[in-house]
Amino acid sequence: MPFAALALSDQLVRATQDLHYQGPTPIQQAAIPAVLAGHDVLACAQTGSGKTAAFVLPLLQKYQHYRTQINALDVDSRPKHKSVQTLILVPTRELAVQVAETIRGLSKRLPELPKLACVYGGVSINPQMMGLRGGADIVVATPGRLLDLIAQNALRINAVQQLVLDEADRLFDLGFSDELNRILALLPLERQNLFFSATFAPAVQELAEKLLRKPTRIEIEATPVAAPDIWQRAIEVDEAARTMLLRHLLQERGWQRVLVFVATQYAAEHVAKKLKRAGIKAEAFHGSFEQGKRSQVISDIKASRIQVVVATDLAARGIDIAQLPAVVNYDLPRSSTDYTHRIGRTGRAGERGEAVSLISADFAAHFKVLEKQLGLKLERERIAGFEPTETFSSKAVSLVADDHGGIKGKRKSKKDKLREAAALAAKPLE
Ligand code: AMP
């Protein structure tokens, strides 16, 4: 089926050709007519399915229609300011940028370009406020920054005609549910809602039910790419020998790109610094970075200008690197969900991946708990020259941040808790 069969305008069809789209993907075939017909949509969609264009194309067509209506009014009756017609909420800055790029790419041939604003946190708010002067037609936003801009009177969302929630499950994962509720309360009741999510946990399901009216449900069978082929390994090593072992693995395994997970921002900086000192091209990646620096690190690893990115869990959520041969759990993840998110960064698009967890004596019991939750049982390996000297016991431990920002396996004393509270107050949160 060609795009032209979907009742899209010539300009939009030509834009898909400019971008070398071969023809609509299954989700585009299902979503485009439903959105054009004004239905709410509930789509179960993975990244890579073409979901972005599945909502961008019909929304641009609606924008074209809206423009035609405005232009038909006599000049005095036309609105003086643009009012936000379409609001697209996304969980991360990286996704905001990607969605905005798709909108720009697909709107290139329209006779009148929509005014697009792409707003996200972690960068100065002033240029975004300036960009919103005179209003905007389409806004792509992360929830927190959108609310900040509304609080500063930089935009209003009370005339929104279409709301898109993209990657709704990740909006919840990243703790945006309060912000979402506050945003929903500011929207007009009469609007079209498009809801995209890869998974439907109860909270996501509940929001979908609250939000959507008689939605068209779209569930595209995942393209039969093979289940990710990830070799999961657990290597026992002394805590103090982890960096040396990591260097050894980098050499022995010949990984071109590696994502190394640590527990704290401090650890990210510290481990990256130690690797750099050893002549390895490594960079830290965490939530305190400015957007420019984050984009730089991502494009550097994609272009193989650096080999290792040392990241915290939260910051790494926004990273999508095709062809990532390995991830290393330098510090173990706190939860089984984090473990799954971390190892899912490798073994994409049919490639083989390797996920190595470094297990020190203090965390052996914690890793056993994770394995049990995940229904996993990994053989414990020891690497010649890096055999642990510490005794591995099965004593339960809690994961507690120590003074250096690393994680230590010990129970929190009252003093520890006070120290932690003080450190938290002094440190920027991710
Ligand atoms: P998404 O699932 O929206 O993240 O899209 C994944 C990638 O597929 C993006 O790089 C798009 O440019 C590309 N894409 C989207 N629709 C099509 C299509 N119909 N044909 C080929 N590529 C597409």
Side-chain angles (χ1 to χ4, degrees), residues 1-36 41-61 86-110 116 118 120 138 140-142 162-171 173-174 194-200 204 218-225 228 295 298-299 302-303 316-324 341 344-345 347-351:
M1 175 201 273
F3 273 104
L6 291 172
L8 290 168
S9 69
D10 288 349
Q11 294 95 338
L12 290 171
V13 172
R14 270 197 278 148
T16 65
Q17 290 158 356
D18 294 343
L19 295 180
H20 307 290
Y21 289 2
Q22 298 297 320
T25 63
I27 190 158
Q28 291 163 359
Q29 289 179 28
I32 292 171
V35 180
L36 288 177
V41 166
L42 175 61
C44 180
Q46 314 278 343
T47 303
S49 58
K51 68 180 169 63
T52 316
F55 63 81
V56 168
L57 282 165
L59 290 176
L60 287 175
Q61 175 125 328
T86 302
L87 174 62
I88 302 169
L89 292 176
V90 295
T92 62
R93 317 168 208 199
E94 283 75 17
L95 187 59
V97 171
Q98 277 170 32
V99 171
E101 268 172 19
T102 304
I103 297 174
R104 281 193 201 100
L106 289 171
S107 57
K108 276 212 172 103
R109 286 183 178 266
L110 298 187
L116 170 67
C118 179
Y120 41 76
I138 304 178
V140 183
T142 54
Q162 298 100 16
L163 169 73
V164 181
L165 290 192
D166 192 12
E167 303 200 357
D169 48 348
R170 287 173 79 207
L171 280 164
D173 279 352
L174 297 178
L194 313 178
F195 196 102
F196 290 79
S197 194
T199 56
F200 283 88
V204 180
I218 300 175
E219 202 164 335
I220 300 299
E221 286 208 5
T223 8
V225 280
S295 310
I298 292 176
S299 64
K302 282 186 175 167
R317 290 280 167 100
I319 308 184
D320 185 7
I321 309 163
Q323 296 181 318
L324 184 68
H341 272 293
R345 306 272 134 199
R348 292 197 162 184
E351 303 260 335

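In each ligand, atom 1 is the first atom listed, and ligand 1 is the first ligand listed. Atom set for the values below is all heavy atoms of this structure, side chains included, hydrogens, waters and symmetry mates excluded.
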Per-pair distances, ligand 1 N/O vs protein N/O, less than 3.5 Å:
unit_1, atom_1, unit_2, atom_2, d
ligand 1, 2 (O), G48, N, 2.7
ligand 1, 2 (O), S49, N, 3.0
ligand 1, 2 (O), G50, N, 2.7
ligand 1, 2 (O), K51, N, 3.3
ligand 1, 3 (O), K51, N, 3.3
ligand 1, 3 (O), T52, N, 2.9
ligand 1, 3 (O), T52, OG1, 2.5
ligand 1, 12 (O), Y21, OH, 3.4
ligand 1, 16 (N), Q28, NE2, 2.7
ligand 1, 19 (N), G23, O, 2.9
ligand 1, 19 (N), Q28, OE1, 2.9

*With sequence neighbours excluded, residues passing ring-ring contact (aromatic ring centres under 6.0 Å, His included) with F195*: none
_For L12, is there any backbone N or O sitting under 3.5 Å from a side-chain donor or acceptor partner on Q61?_
no
*Could you tell me which residues satisfy side chain to side chain donor-acceptor pair (under 3.5 Å) with S299, sequence neighbours excluded, listed by chain and number?*
none
*Calculate, to the nearest 0.5 Å, the distance between atoms OG1 and CZ belonging to T86 and F55 respectively.*
10.5 Å
*Partner set under side chain to side chain contact (heavy atoms under 4.5 Å, CB included) for P91, not counting sequence neighbours*: L95, E167, R170, L171, L174
*Taking 4.0 angstrom as the limit, do D18 and K108 come out as a salt bridge?*
no
